[in-house]
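Structure first, then comments.
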2 protein chains.
Amino acid sequence: MTKIKRDTSRKKNSILDAAQQAFMEYGYENTSMDQISELAEASKRTVYNHFPSKDDLFQAVLERFFKEASDLKNIPYDNNQSLSSQLEKFVDAKIIVSKNKEWLGLMRVAMSVFILNPQVAEEMMDRIHKMDNYLGIWLEKAKNDNRLNFSQAEEVSEIFYAGVSGLFFWPVILGAKIPEKKVKSLKKTYIDNFLKVYQN
Amino acid sequence: MTKIKRDTSRKKNSILDAAQQAFMEYGYENTSMDQISELAEASKRTVYNHFPSKDDLFQAVLERFFKEASDLKNIPYDNNQSLSSQLEKFVDAKIIVSKNKEWLGLMRVAMSVFILNPQVAEEMMDRIHKMDNYLGIWLEKAKNDNRLNFSQAEEVSEIFYAGVSGLFFWPVILGAKIPEKKVKSLKKTYIDNFLKVYQN
DNA sequence: ACTAAATTACACTAACAAGTTTACTTTTAA
DNA sequence: TTAAAAGTAAACTTGTTAGTGTAATTTAGT
């Protein structure tokens, strides 16, 4: 009486893909399960067999998305490279999501939902991040290497990312188009300022 | 054949109040016109007599809200006061919205809608702000007073506000509760850093 | 008090969407 | 090959909501 399990990942993935595309394009509220099933070339019943509700499906889409986006931020400390070029990598990792049109679309939907459902945001971040503190670790290493000077890495990391988000992430999420030239110049100024404060 | 016009502002305002409260509490999508009319103690027909659609009503609510919130940022330059205390006022003006429970609720809804409808965001900001550049003006004055040093006020202002938003505004919008103690300490560090870079 | 403007009650349309049921067909692992 | 697992199609239930039409009622300015 053993159950035979068959591989259902193909349909499941095509549902996830379709859902991602639809949510990206129309937002959560304006995407219907019928749309998704049609786009996935699956029957609605199959969609519901894989995901018990629209909400569950949405969460699954986000989980996959944030997992993908999370690794990008793991930048190793390199004592042979300039601090500014390494910090630039942290900035780039944070803003790359907003440069890919698909990612940007999904990030927008995610943010709009998170804003209205903070508990969803928290659960998601808990499930994915388990606190990615890559910059914090990097900062500590630079400090041990006597190249940076500060007391609390956590605070410094928070301040650094706050500025990056405020300059490059949120404006883009809200529809601003920042010319590459301006990105470059702002990035330089921002990192220079940061190093003026914390570099030995 | 002159038309006698009667004062309808009371009903109109009570509709706006009710709409604001409902949008705040349930978000745009999950607020119905029936709810609003009931809360306003007006018939649905009257609501539609004042506002041709749900969208128009929402925009009217936001317009009123942002107009109120806009004046707060007009901080005059004072050459007898310390730069840090004046900058602190700019920070406070930016984050006060997130400290009032009602304002925070409406700001959340506004942001979630803006994110998904960037053109709405732009229209709204055009209609209200006409670019409030109070910090830019303040910076110029401090520069002319030989207390600050920079080349482009606009860039500096952008960087300053980016950090403030990233530290205090967006986290709160996303549900974070920052203890007052931490706000104070972050604010101090942030302003100190800023002055380290730009103060003469 | 008169009268037009404002408001109301409420039924109505038209559309949409989440999730279910059922009877059926296709796929695949052993 | 075959039987169970997976998937399908399409109608269906249940509920919601934006917006309208209309006839009746209330309100306020002259």
Side-chain angles (χ1 to χ4, degrees), chain A residues 1-62 109-110 112-113 116-117 120, chain B residues 1-63 109-110 112-113 116-117 119-120:
Chain A
M1 209 40 189
T2 52
K3 280 203 179 171
I4 295 162
K5 288 238 173 163
R6 284 148 66 175
D7 179 26
T8 62
S9 62
R10 279 187 310 277
K11 262 278 131 86
K12 192 167 182 177
N13 279 326
S14 86
I15 292 168
L16 281 169
D17 292 342
Q20 171 157 344
Q21 197 183 318
F23 286 137
M24 239 165 41
E25 194 153 354
Y26 307 109
Y28 179 78
E29 301 281 353
N30 295 312
T31 295
S32 74
M33 294 298 264
D34 290 278
Q35 272 176 72
I36 291 171
S37 69
E38 194 185 330
L39 204 62
E41 293 181 314
S43 71
K44 187 151 75 154
R45 205 63 192 80
T46 299
V47 174
Y48 275 99
N49 283 341
H50 283 289
F51 304 96
S53 74
K54 187 183 178 183
D55 207 75
D56 285 277
L57 174 52
F58 183 65
Q59 300 242 6
V61 168
L62 288 192
V109 182
S112 73
V113 171
L116 294 177
N117 306 86
V120 174
Chain B
M1 210 42 187
T2 52
K3 279 202 181 172
I4 295 163
K5 288 236 172 160
R6 283 149 66 176
D7 179 26
T8 62
S9 62
R10 280 187 308 277
K11 261 278 131 84
K12 194 168 181 176
N13 279 326
S14 86
I15 292 168
L16 281 169
D17 292 341
Q20 171 157 347
Q21 196 184 319
F23 285 138
M24 239 163 42
E25 195 153 352
Y26 307 110
Y28 180 78
E29 300 282 354
N30 295 314
T31 295
S32 75
M33 293 299 263
D34 289 278
Q35 271 176 75
I36 291 170
S37 70
E38 194 185 330
L39 205 61
E41 292 182 314
S43 71
K44 184 153 78 157
R45 209 64 190 75
T46 298
V47 173
Y48 275 99
N49 284 342
H50 283 290
F51 304 96
S53 73
K54 186 183 178 183
D55 207 75
D56 285 277
L57 175 53
F58 183 65
Q59 300 242 5
V61 169
L62 289 192
E63 191 160 335
V109 181
S112 74
V113 171
L116 294 176
N117 306 85
Q119 80 288 0
V120 174

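We name chains A, B, ... by the order of the sequence lines, and we start the count at 1 in each one.
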Among residues two or more places apart or on two chains, list those pairs meeting ring pair (Phe, Tyr, Trp, His ring centres under 6.0 Å) that have a residue in residues 29-56 of chain A. none
Give, ordered by number, those residues of residues 16-34 of chain A having at least one heavy-atom distance below 4.0 Å to an atom of DNA chain D; if nothing qualifies, reply none. none
Angle of first-five versus last-five pair axes in the helix from C:dA1-D:dT30 to C:dA30-D:dT1, to 10 degrees: 30°
With a cut-off of less than 4.0 Å, is there a side-chain N or O of B:R45 near OP1 or OP2 of C:dA11? no
Listed partners of B:N30 passing side-chain hydrogen bond (donor to acceptor under 3.5 Å, both in side chains), at least two apart: none
Mind checking whether A:F23 and A:Y28 have parallel, tilted or perpendicular rings, split at 30° and 60°? parallel
Expressed as a whole number of angstroms, how long is the span from B:K44:NZ to C:dC10:P? 14 Å
Quick check against the 3.5 Å criterion: does B:T31 have a side-chain atom that pairs as donor or acceptor with the backbone of B:A22? yes
How many whole angstroms separate atom NZ of A:K12 from atom P of D:dA5? 18 Å
Result for 5'-nearest mapping on DNA chain D, choosing between A:T46 and B:Y48, is A:T46
Which residues satisfy the side-chain hydrogen bond (donor to acceptor under 3.5 Å, both in side chains) test with B:S53, sequence neighbours excluded? B:D56
State, to 0.1 Å, how close B:S43 and B:S37 come at their nearest heavy-atom pair, and which atoms those are. C-CB, 3.9 Å
Within the side chain of B:K11, is there an N or O that forms a donor-acceptor pair under 3.5 Å with the backbone of B:E41? yes
Is the distance from OP1 or OP2 of D:dT8 to the nearest side-chain N or O of A:S43 less than 4.0 Å? yes
Nearest-0.5 Å distance that lies between atom NZ in B:K12 and atom CG in B:L57: 10.0 Å
Reported CD-to-CG distance for the pair A:Q20 and A:L62, which is rounded to 0.5 angstrom: 8.5 Å
According to a strict under-4.0 Å criterion, is B:K11 in side-chain N/O contact with OP1 or OP2 of D:dT27? no
Close approaches to DNA chain C from residues 49-60 of chain B, in residue order (heavy atom, under 4.0 Å): B:N49, B:H50
Regarding A:D34 and A:S32, is there a side-chain donor-to-acceptor distance under 3.5 Å anywhere? no
Do you know which two heavy atoms are closest between A:S112 and B:L116, and how far apart they sit? OG-CD1, 3.4 Å
Whole angstroms only, please: what is the CD1-C1' distance between A:I15 and D:dT8? 12 Å
Please classify the nucleic acid contact of A:E38 as base, sugar-phosphate, or nothing, using heavy-atom distances under 4.0 Å. nothing
